[in-house]
Amino acid sequence: MKALVTGGAGFIGSHLVDGLLGRGHSVTVVDDLSTGVCDNLAHLQPDEPLEVIVDSVLNESLVDELVAGADVIFHLAAAVGVQWVLDHPIRSLETNLRGTEVVLAAADRHRRKVLVASTSEVYGKNDSGPLREDDDRILGSSKVSRWLYATAKAADEALALAYAQERGLPTVVVRFFNTIGPRQTGRYGMVVPRFVDQALSDEPITVYGDGQQTRCFTYVGDVVRSVITLTETPACWGDVFNVGRDREISMDGLAQLVVDLTGSRSKIVHVPYDEAYRGGFEDMRRRVPDVSRLRRTIGYAPDTGLEEALFRIIAAHPRQPSTFRVP
Ligand code: UDP
């Protein structure tokens, strides 16, 4: 099979490329390196069936050509990270809205299967948890970049589903919940790489707010496995799937776990939200996926434990701890 991975130099994208190559597929990556980096693919051997094109998904003629040459498209190119979205609102809206439009229109012309990556952000501040795919989305003002981002991703989802419904195009939407693993950078705000970096340099670990907000963290290898299996499962087309693990931890709990695992001397400090992000930022207290649809459809849901995932992240980090507790 020939796969096209948009955003393939990003964190999840590069792990997806590993997974596809490992299954014997050939892969073309298109990435504009806005947040992705070539280093994420540098471990791959030159004789692998991999082509990397540095360009934007907004380049319609290129996308048309690449889609024509692929059997399946994994559309992961998107603005990522709360911090990046807050810093680049125009670019994130453009990439997310126009980019998905371009990819879906090309897939429709060439009748190709498409997986569109979305995010748990679309649920907004619905923190009633465990969130099911058909649950209500609760959003604040469109002046808050976070909700605008959620709106753009929801529009992407709607377009993918419309192509399935109206044109019979095999499309599937996946909503990623707090995915973690090696190669994820803390530069765009993500909490786990930030805490690990801080712990491994014995710097204060910055827990935002009161630290009682919870998230569910999913190991990237499990996410990749789910995503590839979905595109091999005809029952998935025209539907939306939460992809995540449903075990919750508070940010205080996460900070302590990272300290324990690394043997760090870091202190855990609390930083008020208005110091951490610019004004008007809203966080959600809780975000838990209901993964029963995923489990029912592919017979599997992510299951790597948080300690194991953190262990792999710490083991891959350039700065190694002096003591290391193996889970
Ligand atoms: N967070 C934190 N310290 C940091 C970065 C993030 O306490 O240095 C918090 C953030 O406010 C949120 C949680 O960790 O409550 C998860 O943040 P992230 O940006 O990783 O993901 P998302 O908010 O999209 O779930």
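Heavy-atom basis, side chains included; hydrogens, waters and symmetry copies ignored. Just so you know, ligand 1 is whichever comes first in the structure, and atom 1 is the first atom listed for that ligand.
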Option of least heavy-atom distance to atom 24 (O) of ligand 1 (set: R215, M190, R285, R287): R287
Closest to atom 4 (C) of ligand 1 (judged by heavy-atom distance), picking from Y149, Y273, Y208: Y208
For Y300 and D222, test the side chains for any donor-to-acceptor distance below 3.5 angstrom and give the result as yes or no. yes
Consider only side-chain N and O atoms of D283 and Y273, and report whether a donor and an acceptor are under 3.5 Å apart. yes
Who's the nearest protein heavy-atom neighbour of [atom], and how far?
atom                    : answer
atom 13 (C) of ligand 1 : M251 SD, 3.7 Å
atom 23 (O) of ligand 1 : R146 NH2, 3.0 Å
atom 10 (C) of ligand 1 : Y277 OH, 3.6 Å
atom 19 (O) of ligand 1 : G189 O, 3.5 Å
atom 8 (O) of ligand 1  : R194 NE, 2.6 Å

Show the atoms of ligand 1 that are less than 4.0 angstrom away from any heavy atom in [X].
X    : result
N178 : 21 (O), 22 (P), 25 (O)
E121 : 24 (O)
V207 : 7 (O)
T206 : 2 (C), 3 (N), 4 (C), 7 (O), 8 (O)

Look at the side chain of [X] and the backbone N and O of [Y], then say whether any donor-acceptor pair between them is shorter than 3.5 Å.
X    : Y    : value
T6   : V30  : no
S266 : E203 : yes
Q198 : P193 : no
R245 : T304 : yes

Using side-chain contact (heavy atoms from CB on, under 4.5 Å) as the criterion, list what pairs up with Q165, not counting sequence neighbours. none
side-chain contact (heavy atoms from CB on, under 4.5 Å) filter on R98, not counting sequence neighbours, yields L58, E60, E101, V102
D283 versus ligand 1: do any nitrogen or oxygen atoms come within less than 3.5 Å of each other? yes
Does an N or O anywhere in V191 fall below 3.5 Å from an N or O of ligand 1? yes
Hey, do the aromatic rings of F217 and F177 have their centres closer than 6.0 Å? no
